[in-house]
Amino acid sequence: MHRPVLLCSMLAATLLLSSAWADSSNPVRNLVLVTLDGVRVQEFFGGLDEALAQRDALDEYSEIALARERYDADSPQARRLKLWPSLWGRLAPLGQVLGNPALGNTVQVQNKVAWSSPGYVEMLTGAPRAEVVDNTLVHYPYITALEYAHQALGLEFQQTALIGAWDGFNTAAASRPDAFLMVGSHAGVPAPFSTPEMDLVAGLRANVLGLWEEGSDQWLTWAMARDYLRARQPRILWLALGSSDDWAHADRYDRYLEALHQQDRIIGELWDLLQSIGAYRDRTTLLVTTDHGRGRSGEDWAEHDIAIPGSSDIWLFAIGPDTPAAGESGRPGTSYQGQLAATLLEALGLDPAAWRSDALPPFPGVIVRATGV
Ligand SMILES: [Zn+2]
């Protein structure tokens, strides 16, 4: 796409046609994927779950009373608005949300584990992969959608980036560690792509004690990605957050809720940042999803596994220039985690059919281009 002949023909087309036509036919698209690890449909669509809050109150260290003050309300719609004000109050009506079981619209994990690595591999390779059965940190021999897009668009190393709070994101991102820039749990952005701010945040990420050894703080991870967006303006960014899963495994429902509320702030700030930068404004699709659900009851919500009902229930939020503003989907039916990969390619103006023949098709109606690409 950097060949002069093509550039000249694109320039001529732009000059000859109206700006509206030129905008809708312009194949330059960016993609930001945000993953929130292990966020249940119950909180995503219904906010604070009273049954879990009551159980949490039995823990003498719980601060659930404070969480109730902040997030309790009389209806699922009011509760989710308090927990996720940016998403439900501002962004959802401008995009699409899939996966609310109360409306008969579900998104399902298909892998037989419902753990993290199998989920991320499924969403990035277009289908569940039977040999991915745990969270072992190995690269699997599949060209992921991120990797394919990076190659197909002819991007430089740093123009595709993963910035994540766990090293398992690196291994799920691509078939090899040098496919594009990947920054894992406690790492910094390597020179020459870092900035003093990224280096400062890297020092904090490496030294601020996370809840578990393997993960780093989600706000610091966002702070690093925020500066990377500003300074390096990647065409493709995967921001992979994990604090939700960390607090859930610690069986602290009060802190889990705070982690979700912080994720909402990150999504709101991220969208505003994208819309404030010329290279991203109105030409960037934001996809937000989760790798797996969790148990549905107070007894099993802290864990997730295929044997725990609810662990396969996930959701999707999409917003961008090619996503019709349909809001929350009430269309009965089931879609699948693997459909994210082809959707991601469509958002970048690529034809999913040219990628893997065993990948699921895109989520229908999420990416729609008026003139086609
Ligand atoms: Zn987990």
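The shown structure was predicted, so the numbers you read here are calculated from the model rather than taken from an experiment.
Within 6.0 Å of the CD atom in E131, the count of heavy atoms belonging to other residues, nucleotides or ligands exceeds 12. Atom CG of D74 is surrounded by 12 or fewer heavy atoms from other residues, nucleotides or ligands within 6.0 Å. Other residues, nucleotides and ligands contribute at most 12 non-hydrogen atoms within 6.0 Å of the CZ atom of R331. Counting non-hydrogen atoms of other residues, nucleotides and ligands closer than 6.0 Å to CH2 of W115 gives a total of 12 or fewer.
Taking the six-membered ring where tryptophan is involved, the planes of H304 and H292 are essentially parallel, since the angle between them stays under 30° and well short of 60°.
In summary, the side chains of Q218 and Q263 do present a donor paired with an acceptor at a separation below 3.5 Å, with no hydrogens or angles considered. For the residue pair W238/T35, the side-chain donor-acceptor check at 3.5 Å is satisfied. There is a side-chain donor-acceptor pair under 3.5 Å between N105 and S329. With no hydrogens or angles considered, a side-chain donor-acceptor pair links R205 and T221 at under 3.5 Å. For the residue pair D227 / T195, a side-chain donor-acceptor distance below 3.5 Å is found, with atom types taken as modelled.
The shortest heavy-atom contact between R356 and T125 is CD-O, 3.5 Å. Nearest heavy atom pair, residue W315 against residue T289, reads O-OG1, 2.7 Å. Minimum interatomic distance between I306 and N111 (heavy atoms only, all atoms of both residues): CD1-O, 3.7 Å. The shortest non-hydrogen separation linking R235 to L348 is O-CD2, 4.2 Å. When all heavy atoms of L98 and S335 are compared, the pair lying nearest together is CD1-OG, 4.3 Å. Nearest approach of Q275 to Y280, heavy atoms of both residues: OE1-O, 4.1 Å.
Using a 4.5 Å heavy-atom cutoff, the side chains of Y148 and L124 are not in contact. Taking the side chain as every heavy atom from C-beta outward, H261 and R70 never approach each other to under 4.5 Å.
Remark: R79 fails to qualify as a cation-pi partner of W84 under the 6.0 Å distance and 45° angle criteria applied to the six-membered ring.
Evaluated for a salt bridge (charged side-chain N to carboxylate O under 4.0 Å, His left out) with R294, the options D300, D49, D245 yield exactly one hit, D245.
A centroid separation of 6.0 Å or more is found between the aromatic rings of Y253 and W247.
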